[in-house]
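Notes follow the structure.
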Protein chains: 2
Amino acid sequence: MYYFCAMNIVEISKVLANDTRVRILRWLKDPVANFPPHQDIDHFDDGVCVGYIQDKAGLSQSTISTYLTAMQNAQLVIPTRHGKWTYYKRNEPVIEAYIETLKAEL
Amino acid sequence: MYYFCAMNIVEISKVLANDTRVRILRWLKDPVANFPPHQDIDHFDDGVCVGYIQDKAGLSQSTISTYLTAMQNAQLVIPTRHGKWTYYKRNEPVIEAYIETLKAEL
DNA sequence: ATAACATATTGATTATTCTAGATATATAAA
DNA sequence: TTTATATATCTAGAATAATCAATATGTTAT
């Protein structure tokens with residue numbers, strides 16, 4: 001059985017109303033292509049560390065961290081802690097559900 | 001031949017990042033159900049006049065007019081002038097193209 | 001022409017978002 | 001246990017968005 005969970009259009013749109021945040025989401029679609037490999041883990045299964053995202057975005061550490069927290073609050077990304085690092089990856093089911101919500105309700 | 005026109009995700013998300021504007025778009029999906037009939041035209045083919053939208057939204061005339069102009073600039077709605085009134089209707093192809101853009105690029 | 005009406009635009013105020021520096025917290029290394 | 005590193009949170013100023021009252025514009029009726 002498939003449960004469709006309607007997403008909050010306004011809340012998610014606020015996250016997507018910023019160029020940097022949208023670009024981060026897109027970069028995370030293909031970490032191998034968009035980021036250097038991690039030295040402490042040999043895969044991107046848990047996503048990309050904040051520092052790499054910050055370097056690529058060219059904004060301050062606090063700004064990127066704030067952005068990622070906002071994206072996490074909207075459930076668009078999932079954080080995983082590995083030692084000192086926090087890795088962020090896309091939350092694909094939520095992203096898909098959001099698009100389904102737009103299709104149904106917008 | 002079907003041409004896919006990629007929409008600007010950030011720009012449209014800014015429009016959708018507001019509860020009133022999203023509700024207006026939804027009301028316009030079913031004008032017969034959501035608005036009183038117009039007296040000067042006997043159909044909703046060209047959409048709904050600003051005054052009805054304003055009454056339903058409960059915000060000032062200038063605010064609603066500003067919102068509708070913003071939605072028009074994002075091409076989400078199409079205005080049609082009939083005498084003193086401006087009627088707004090949804091721009092379905094653009095709304096669909098936006099959802100397609102999200103599916104492809106987000 | 002003038003008055004009345006619907007909508008758009010302008011100007012101003014308040015609220016929210018953006019953004020960075022400073023500081024705090026958590027973890028690992030020495 | 002101190003030190004270094006990565007990320008998160010706090011604080012604050014600048015930029016943008018929300019909102020309305022007042023005014024302007026365009027259209028119709030008198």
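A note on names: the letters A, B, ... follow the listed sequences, proteins ahead of strands, and every chain is numbered from 1.
- Between the side chain of T101(A) and the backbone N or O of M7(A) there is at least one donor-acceptor pair closer than 3.5 Å.
- The CH2-C1' distance, from W85(A) to dT25(C), rounds to 16 Å in whole Å.
- Nucleic acid contact for I64(A): none, since no nucleic acid atom lies under 4.0 Å from a heavy atom of the residue.
- Between the CG atom of L68(A) and the P atom of dT9(D) there is a distance of 11 Å, rounded to whole Å.
- In this structure, S65(B) reaches the bases: a heavy-atom distance under 4.0 Å links it to at least one base atom across the strands shown.
- If you take NE2 of H38(B) and C1' of dT7(C), they are 13 Å apart, rounded to a whole angstrom.
- Atom P of nucleotide dA21(D) and atom CD of Q54(B) are separated by 11 Å, given to the nearest angstrom.
- Place G51(B) and G83(A) on DNA chain C by their nearest nucleotides, and G51(B) ends up nearer the 5' end.
- For the residue pair Y98(B) / S13(B), a side-chain donor-acceptor distance below 3.5 Å is found, with atom types taken as modelled.
- Side-chain atoms of R21(B) come within 3.5 Å of backbone N or O of V15(B) as a donor-acceptor pair.
- Listed candidates were dT7(C), dT7(D), dC18(C). Nearest to the side chain of C49(B) is dT7(C).
- Between M71(A) atom CE and dC18(C) atom P the separation is 12 Å, expressed in whole Å.
- Contact annotation: side chain of Q61(A) to base of dA20(C), donor-acceptor pair absent below 3.5 Å.
- Which of dA6(C), dA8(C), dA8(D) sits closest to the side chain of Y88(A) comes down to dA8(D).
- Listed nucleotides: dA8(D), dA8(C), dA20(C). Nearest to the side chain of T63(A): dA20(C).
- Between the CD1 atom of I41(A) and the P atom of dA6(D) there is a distance of 14 Å, given to the nearest Å.
- Distances were taken from every side-chain heavy atom of S62(B) (C-beta onward) to each of dA17(D), dG21(C), dT9(C); the shortest belongs to dT9(C).
- The separation between K84(A) atom NZ and dT3(D) atom P is 16 Å, rounded to whole Å.
- Note on ring orientation: taking the six-membered ring where Trp is involved, the planes of H82(A) and Y87(A) are perpendicular (angle over 60°, cut-offs 30° and 60°).
- Of the candidates dC18(C), dA8(C), dA18(D), dA18(D) carries the atom nearest the N18(B) side chain, counting heavy atoms from C-beta on.
- S60(B) comes within 4.0 angstrom of a base, heavy atoms only.
- The CZ atom of R81(A) sits 9 Å away from the P atom of dA26(C) (whole-angstrom rounding).
- With sequence neighbours excluded, the residues satisfying side-chain contact (heavy atoms from CB on, under 4.5 Å) with D30(A) are V32(A), A33(A), N34(A).
- Out of dC18(C), dA17(D), dC20(D), the shortest distance to the side chain of K14(B) is found at dA17(D).
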